[in-house]
Structures are given as C-alpha cells and as structure tokens.
Amino acid sequence: MVERTLILVKPDAVQRGLTGETIARFERRGLQIVGLKMVNVSSALARTHYREHVGKPFFKSLVDYITSVPVVAMVVEGPKAIELCRTTIGATDPLAATPGSIRGDFGATVGRNLVHGSDSARAAKREIKLFFRAAELHRYNRSVTRWIVE
C-alpha cells in the first residue's frame, strides 16, 4: 500500500547541517520525495501542528523550538511509508533509538530530536495539509519514470 507522510527536518538538524543526510536516508530506503521546501514555521502553525500537546508542560518550549529557525518540510511517498519513515527516524529518545536510525546516529536529547514524522495515516493527511498546498505535491509515475504535478 502506497502512503504519504510528512517529515520535518527540525531546527537542530538544519543547524547541524544534517538536512542532506536526512533526505538521503529516506531516499536510500526507496521512498520518493514528492514535496520539499524550507519553511519558517509561524507560532500559529506550530500550535496547530502540535495541538495534541496543548496543556502539557513542554508545549511552549516545543513551539519556541520549532519556530526558532527554518525547518525543511517534505512529503515522502512509498509502500508503508509511515512505518518505514518512523523506523528510519528512530525512537523519540535518542538514547533508546536503534543505531542506524537518524536519532540513533545523530540525536542527543529528547527535546532536540532532529526529525518529525507523522505517526499515523490520519495524522499524515492532516499534517501534510498544514505544510503543503496540493499543487506543491507531485506524483511519481513509475511506469514512465517521470514526475507529474497532481
């Protein structure tokens, strides 16, 4: 089953020069990048994106962090993309992340964990719409090996 998911290369990864490495990890897993851009996340967008954390003690610092510098937003597509991306990213706590995962190889703390990936098909659909207009996403036609704007 081909799925799409949202991936955010968070401020700490952008600042550390890990954007290219992050993108390459998903491409090497056989996934297609169907949308890609650098975004200054507004406070309103951050609050909407992280709405499930409203009221939690770390919510304000989460919003401050994601709005601190631009992030790289991308939509990744492929068979079981959500599960595959989350495995590629690794556990939220980098100390518990599998070596070979992005967080396992480059992460240091829970609060600065490099990458966001949607955790379900429902979340992916909602999150993709927050960061991308339909016209910004493309479909890879594997039968003729060319990109088509949807």
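Just so it is clear, the values below take in all heavy atoms, side chains as well, and ignore hydrogens, waters and symmetry mates.
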Original post:
Does E52 reach the side chain of D119, with side-chain heavy atoms less than 4.5 Å apart?
Top reply: no

**OP:** Before giving the answer on side-chain contact (heavy atoms from CB on, under 4.5 Å), spell out for I128 and L137 the whole-Å C-alpha distance, their side-chain angles and the decisive distance to 0.1 Å.
**Re:** CA-CA 10 Å; I128 289 168; L137 301 176; 3.8 Å; yes

Original post:
Side chains of I23 and L36: does their closest heavy-atom pair fall under 4.5 Å?
Top reply: yes

**OP:** Without swapping roles, check the side chain of E3 against the backbone of I82 for a donor-acceptor pair under 3.5 Å.
**Re:** yes

**OP:** Inspect the surroundings of CD in E27 and state if more than 12 heavy atoms from other residues, nucleotides or ligands are less than 6.0 Å away.
**Re:** yes

**OP:** Examine distances only and state if a side-chain atom of E21 and a backbone atom of L18 form a donor-acceptor pair shorter than 3.5 Å.
**Re:** no

Original post:
Does the side chain of I33 come within less than 4.5 Å of V76's, by heavy atoms?
Top reply: yes

Original post:
Does a side-chain heavy-atom distance below 4.5 Å link F132 with K37?
Top reply: yes

Subject >> Heavy-atom closest contact (R25 atom, I102 atom, distance) >> reply: NH1-N, 3.9 Å

Original post:
Which distance, rounded to the nearest 0.5 Å, do you find between the CG of N113 and the CD1 of I89?
Top reply: 9.0 Å

**OP:** Could you point out which residue of T22, L114, V41, I66 forms a side chain to side chain contact (heavy atoms under 4.5 Å, CB included) with K10?
**Re:** I66

Original post:
Is there a donor-acceptor pair closer than 3.5 Å between any side-chain N or O of T98 and the backbone N or O of S101?
Top reply: no

Original post:
Crowded around R28 CZ? As in, over 12 foreign heavy atoms under 6.0 Å?
Top reply: yes

**OP:** Kindly indicate whether the side chain of H138, heavy atoms from C-beta on, has any atom under 4.5 Å from the side chain of V75.
**Re:** no

Subject >> Side-chain heavy atoms of M38 within contact of V14, under 4.5 Å >> reply: yes

Original post:
So, for R126 and R51, which heavy atoms are closest and what is the spacing to 0.1 Å?
Top reply: CD-NH2, 3.1 Å

Original post:
Got V39 and L8 here, is their nearest side-chain heavy-atom distance under 4.5 Å?
Top reply: no

**OP:** Compare all side-chain heavy atoms of L130 with those of L6 and state whether any distance is below 4.5 angstrom.
**Re:** no

Original post:
Minimum heavy-atom separation for P70 to N40, with atom names?
Top reply: CG-OD1, 3.1 Å

Original post:
Looking only at heavy atoms, what is the nearest atom pair of P94 and G107, with distance?
Top reply: CB-C, 3.5 Å

Original post:
Closest approach of G111 and Y65, non-hydrogen atoms and distance?
Top reply: O-CE2, 3.9 Å

**OP:** Check the hydrophobic clustering (I, L, V, M, F, W, Y; side-chain heavy atoms under 4.5 Å; chains of links allowed) and say if Y50 and F58 are grouped together.
**Re:** yes

Original post:
To the nearest 0.5 Å, what is the distance between OG1 (T92) and NE2 (H116)?
Top reply: 10.5 Å

Original post:
Between atom CD of E127 and atom OG1 of T48, what is the distance when rounded to the nearest 0.5 Å?
Top reply: 11.5 Å

**OP:** Find out if a path of hydrophobic residues (ILVMFWY) with successive side-chain heavy-atom gaps under 4.5 Å connects L45 to F59.
**Re:** yes

Original post:
Is the side chain of R86 donor-acceptor paired with the backbone N or O of G117 at a distance under 3.5 Å, no angle test?
Top reply: yes

Subject >> Backbone of F106 reached by a side-chain donor or acceptor of R16 within 3.5 Å >> reply: yes

Original post:
Looking only at heavy atoms, which two atoms of C85 and T5 are closest? And how far apart?
Top reply: SG-CG2, 3.7 Å

Original post:
Taking only residues two or more places apart in sequence, or in another chain, which ones meet D64 in a salt bridge (charged side-chain N to carboxylate O under 4.0 Å, His left out)?
Top reply: K60

Original post:
Is the side chain of R103 donor-acceptor paired with the backbone N or O of V115 at a distance under 3.5 Å, no angle test?
Top reply: yes

